[in-house]
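In what follows, every chain begins at residue 1, and chains take the letters A, B, ... in the order their sequences are listed.
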Amino acid sequence: MAKAARKACSVSPFVQSVAAQATAPSARAEAGRKPAKHDESLTVSLQSLRYPERFYAVSNSYLAFMRIITKHISNTFRVHEIRALTALTLFCLLTGMGFSSCASKRLPPPAEPERRFSPVSEALKVDLFFDATLSMQGFVRTPENSYYQRMIPLLERGVIEGWRGGEASFYEFGDDIAPLPGRDYLDAARPTFYSNSKYNKKTFIERVIDRAQLDHLTIIITDLFQDNADVNQLSEKLKQKFIVNNLAVGVMAVRSQYLGVVYDVGAENYSFGYTSKEKPETGRPFYLLAFGSHANIAHYFATLGNSGLNAFPEKHVLILSSFLTSEPSPFTSTKLKIADKLSEISSSNVFARNYSGEQVKAFKITKGQAKAKFSTDWAYQPLPDGLDHSSELTPIIQGWKGEDTGARELFPSENLQALKALTITAKLLPENAPYDRLQVAGDINVVNFPSAGLYFYRILLRPARYSLPHWVAVWNMGEGEIEKWHLHPADFDGAKTYNLENFLGTLQGAVLNTTPPEVSEIYCYIRVDK
Amino acid sequence: MDKLKHIGLIVGMAFVFFIFALLIIYVEDPFLDSKVTTGANILMDEWRQLFRYWAVFGISTAVLAALIWYAWGQWTVNLNDWTKANKKRIVWLLFLLLPCCAFLMGWLLTPPIQEGAIFVTAFYLANNLAVYLLATVFFSPSSFKYTPWGAVTLRRGW
Amino acid sequence: MSYYVIGVGGTGAKCIESFIHLCAAGLMPDSKSLFCLFVDPDGSNGSLKRAGELLQTYHDCKQLQLGATDLFKSGVRIAQPDIWSPLQDKPARLDEFFNYNILEPAAAHLFDVLYSPREKQTSLEYGFRGHPSIGSAVMASAVKLGGEEPWASLRNQISLDVGTGEGAKVILFGSIFGGTGASGVPTISRLVSNEFKSSKLRQDRFKIGSVLMLPYFSFDPVKSERLRVDADTFLLSTQSALNYYHSQHELKVCNAVYLLGSETLKPMRTSSIGGQGQENEPHLLEMYAALAALNFFGQESVEGYPLVARELQSKTRWSDLPYDSGFADLKKRINQLARFSFAYLSSYYPMLESINDTGRGYRAPWYINFFSRRGVDLKDSITKELKQLKSYCESFLLWLANIEQSQTGDNVDEGGHLINFNAFATTTTDENGKPTVVLRDPNDFSLSHYGNLLLPITANYPKGLSELWETMSDIRIKDPKADGVGRFVRALYDACGKVKAEDS
């Protein structure tokens, strides 16, 4: 029995019928399933497609990719969550765009300055006029080579060395004007030059001025003995010809050895003989009057100086022009030293168009401020030999408010009330010349702004006071002295020039009145929130 | 499908970053423009650029912290042992230190201003915390989906 | 179709135990309810008690609203009373049972011829002591289908099923080498079959089968008892029984008869004549018995004389286990339930306990999803449904370990047969020095073997539980019928099924 039982248990492996019965129905279904049909269209490579088809193939792939992503998103998130996320995204975008679209309208940038300091010309024609009157003869009759004589050959050299394309033309003048061709001008170093009766009687500088061309540099070599009438007339001519056209008048004053007679001294036209002594300060002044652009005059004088005139002991230069400095104010790039209750912003935030100038600062004052102030300074390079002036500066302010007239830009409208809001104080540093820094401070009374908006100010900084250089007074021959000398001719001081102070003072006045010089011209744009 | 899930959650974190980047650029920045007074030494535009930089740096750090939290929670922690699920909130809080450090950096390195400092501080802090919180609250790995504070209330459905 | 299982004796109870576990794994052909009844004069039988407790646990777990799932698929109706003893309220001695003293002389003499004095006087409270002759008489006298419960309910319910066209299948488990099973199975089969096949009801709506267990275990004799079951006589008893059944056509009433046995007799740990001491550990052959029942329930009719055996003498493999839809499906479902039980005991129940004690439910996203947000009271469920489920899972894993242990020695490694039980159980020695399998403390489960609970191990899956945790954190159950704690259990069960299976 036991054997039979054991045999029954160990017989045969798993029965086929039961195995067949136990086969999973799913397996049979799998076995019966046909293989997927190969989609031959997918094997076409992109490269074999022409361009439109390639586009469709790529866009179809993109669409298929987006379908997968969308399906996954919809499987991962419920519908209301997708809606919530979409709404949040749109809200943020619209809010942001709303903010950004609220960008304020802007003002046009400031106009280009009316006056620009012209640089030294590339090429220049220089007209040099020798005063051929008898008073000038004494400069060339000295035993030694006078400074005047030494200067003459340097005149042309200064032109040639100063400008690559420089051309010098020489003339003699007195009663009339005559050209000096070639190197005839060198005769001006000889006494005979001044013996021509056609030219040696009267010094008609005004004729030279009439003849002078604005695009040339005109140099007059003269002793500058003018009477009062002459001074006024001459000054007026210079003003009308040069000053109103933003050209400068330069004066190089040189004391030279002298042996001769000085004519037309004083209102009575006295004559005095004069011989200069050893000391340079006893030399008789002669002048190079220059008319042209400030840069050309300064360059010519500098070239002459480098050529040898710097060795002359008694020499002064004064250039009367509307320019005190050649460099525009680097107002934009200066760092504020003080900025209280306001923020400096880039000027591109306030300009409707591109602006490349350096004279502008823009500020922003947020809501709730009553007062604000700023202060800054920057390096200041005055032009050499210019007008003497005080360190105190007078600000001349014009104010505008940007009005929205519906145009793309704000319209600048002069606003007197806005002027009350800004107070500027400015000065040059140090206290005494030579100055090397310009300091500007602004106080803003926000309450005075009529409303929120964009304001802009044009601020001109001009010296409070001017004066002539000290040497002018020293070299000036006053009317009172002449009568004394008339009584005592031996006391005549030939080292002075009659009416020099009057002449230069009048010229200075003409410059200050016609084209008043500026230390700086700056602009402030202020965006005010109220 | 697992890969798609990870990609989806990580894309979700990136989406939070993107939303806050938009918020910084289009909402916070213009708002601060009307509130902040910078004072001397810096232009408002430069200051705003710095603000945007540090704000984006902050939310980048926050989303990076969230990503590291994700990677750590998803691929480093082995939850064969159920006790390993303990104390993970502390780890989450430790990762929060990263955006807090980024906040400090931004707060210290942003040039000082005269007005509006409180808004700047609030934005830096809120941005960093919010990005980290939202990224982890909504997109933490499945095994730790409710570990971040507020996740139990806010995360529903995935 | 309604299903009825009757376990006769201790072996029958163990077969029902295996059957319950297979039902829990969803191996029944459908979700129709199952009627269970234990027949044993020895109500304190340890194996019977274990099976009865398991049945109650299954019933409790079935109350979970799991929705449409294989887990605890079949409904269970437990007979009232669930254990029927032929000696209930009756004298426990054979002579007293049959009122020997008042029998007519002829009957009394016949009684004397059939039964020895010892047989007549020995107490039957621990069963029929391996004497089917005693059992048959008692069974035949005691089983009254139209009378006492649970037979009346059984009869009525079957009548209803058959009458409505639903159909009914009844299967009986029992051993033929002992006392109760050998006597009870054929007797009860005959009685039940006669009740319905004699009626006018269509016979094709009622089917009855029996699973007879031939010897497959042994134990040391209980020397103190004179009338006892002796393992040495198992084969002899089996031979006698088989001859008897064949000659007397005792089992012709059955539509199917399944005979199972093993050439090696597994020594049982305990030796007892009955009572609580007679608690024998589960055996693989009982799983075969349960699979036989599933075959009977799943087939329209069982034809022929199919033979089932291991392919290799030295090793049992999953392919050796017969199941209608294939061993792969069987293995997959057992695997899923094993992983479910393992994960539940090692991770999910401890975490729920921790949350119940200390809060911080966020540590377990699945807790938030299935408990907190759904308003499931953890405090209440941890002491009821969750504890009941824990009890079931422990039973299931211990049963699996014993199934494996029944095939091997003490150490199971990769050379093991079916179950890698070292991941969750261990062998130890009891107070008598006998080897026994005990469940490890869940803290000592080998967590990295979660993915390799069934043998052979074809690939390592060290992060299985971690990935399960992740899956559980995301899983959604769309079945509206899954609710309460059942929704969580359903989710965990489904998630365990999603894990990669190492099928060979």
Side-chain angles (χ1 to χ4, degrees), chain A residues 68-69 71-82 84-86 88-104 332-350 361-369 372-376 452 527 529, chain B residues 1-12 14-49 51-52 111-117 119 127 130 134 138-139 142 145 154-158:
Chain A
I68 293 171
I69 296 295
K71 188 181 173 189
H72 177 68
I73 290 171
S74 60
N75 286 341
T76 310
F77 299 97
R78 291 183 186 158
V79 172
H80 67 267
E81 286 148 357
I82 295 173
L85 283 170
T86 310
L88 176 65
T89 309
L90 282 173
F91 169 75
C92 290
L93 283 172
L94 288 170
T95 307
M97 282 178 350
F99 265 93
S100 57
S101 70
C102 285
S104 308
T332 301
S333 53
T334 60
K335 295 281 185 200
L336 294 177
K337 293 277 164 56
I338 297 170
D340 189 31
K341 308 294 184 194
L342 53 71
S343 307
E344 185 183 350
I345 58 177
S346 168
S347 55
S348 59
N349 290 306
V350 296
K361 267 199 188 306
F363 301 101
K364 186 174 161 57
I365 299 175
T366 56
K367 210 181 279 190
Q369 310 300 343
K373 64 180 177 183
F374 68 90
S375 167
T376 184
R527 190 181 288 283
D529 280 334
Chain B
M1 268 319 279
D2 270 356
K3 274 187 188 165
L4 273 179
K5 181 183 87 171
H6 299 317
I7 291 170
L9 292 174
I10 290 171
V11 164
F15 179 73
V16 171
F17 169 83
F18 174 70
I19 289 296
F20 272 81
L22 288 179
L23 206 66
I24 287 166
I25 293 168
Y26 291 111
V27 176
E28 294 177 5
D29 185 36
F31 175 80
L32 288 177
D33 187 44
S34 65
K35 293 289 181 192
V36 163
T37 300
T38 53
N41 298 322
I42 188 165
L43 259 66
M44 183 64 176
D45 308 77
E46 290 169 4
W47 185 90
R48 283 172 66 183
Q49 192 175 358
F51 165 75
R52 284 194 297 268
I113 52 179
Q114 295 177 356
E115 306 275 338
F119 296 109
N127 288 344
L134 289 175
F138 288 110
F139 303 109
S142 302
K145 58 167 56 171
L154 294 172
R155 184 168 175 173
R156 290 174 183 267
W158 74 94

K.L.:
Taking A:Thr366, A:Leu336, A:Asn349 one by one, which has the highest count of heavy-atom pairs under 4.5 Å against chain B?
P.N.:
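Between A:Thr366, A:Leu336, A:Asn349, the count favours A:Thr366.
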
K.L.:
Could you tell me which non-hydrogen atom of A:Leu342 sits nearest to which non-hydrogen atom of A:Ile365, and how far apart they are?
P.N.:
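It is CB-CG1, 3.9 Å.
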
K.L.:
Under 4.5 Å heavy-atom distance to chain B, tell me which part of A:Lys361 shows up: side chain, backbone, both or neither.
P.N.:
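When you check distances to chain B, no heavy atom of A:Lys361 falls under 4.5 Å.
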
K.L.:
Would you give the length of the straight line joining atom CG of B:Leu9 to atom NZ of B:Lys145, rounded to the nearest 0.5 angstrom?
P.N.:
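Spacing of CG (B:Leu9) from NZ (B:Lys145) equals 9.0 Å.
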
K.L.:
State, yes or no, whether a side-chain contact exists between B:Phe51 and B:Ile24 at a heavy-atom distance under 4.5 Å.
P.N.:
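Touching, per the 4.5 Å side-chain cut-off.
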
K.L.:
Using non-hydrogen atoms only, which part of A:Ile345 is less than 4.5 Å away from chain B: side chain, backbone, both, or neither?
P.N.:
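For A:Ile345, the contact with chain B is made by backbone and side chain together.
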
K.L.:
Could you tell me which of B:Ile25, B:Asp33, B:Asn41, B:Ile42 has the largest number of non-hydrogen atom pairs under 4.5 Å with chain A?
P.N.:
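Result: the option with the highest number of such pairs is B:Asp33.
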
K.L.:
Measure B:Val36 against the heavy atoms of chain A and call it side chain, backbone, both or neither at under 4.5 Å.
P.N.:
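For B:Val36, the contact with chain A is made by the backbone alone.
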
K.L.:
Where does A:Lys364 contact chain B at under 4.5 Å (heavy atoms): side chain, backbone, both or neither?
P.N.:
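Side chain only.
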
K.L.:
Identify the two heavy atoms, one from A:Ser343 and one from B:Thr37, that lie closest to each other, and give their separation to 0.1 Å.
P.N.:
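The answer is OG-CA, 3.0 Å.
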
K.L.:
Below 4.5 Å, heavy atoms only, C-beta onward: do B:Leu32 and B:Phe119 meet side chain to side chain?
P.N.:
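Yes, their side chains come closer than 4.5 Å.
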
K.L.:
Using heavy-atom distances under 4.5 Å, tell me whether B:Asp29 contacts chain A through its side chain, its backbone, both, or neither.
P.N.:
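The answer is neither part of B:Asp29.
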
K.L.:
Spell out, as yes or no, whether a donor-acceptor pair under 3.5 Å connects the side chain of B:Gln114 to the backbone of A:Lys341.
P.N.:
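Present.
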
K.L.:
Considering only heavy atoms and a distance below 4.5 Å, find which of B:Thr38, B:Ile113, B:Asp45 pairs most often with chain A.
P.N.:
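The option with the most such pairs is B:Asp45.
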
K.L.:
So do the side chains of B:Glu46 and B:Pro111 get within less than 4.5 Å of each other, counting heavy atoms only?
P.N.:
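No, every pair of side-chain atoms sits at 4.5 Å or beyond.
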
K.L.:
Of all of A:Asp529, A:Asp340, A:Ile338, which one pairs up most often with chain B through heavy atoms under 4.5 Å apart?
P.N.:
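The candidate making the most pairs under 4.5 Å is A:Asp340.
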
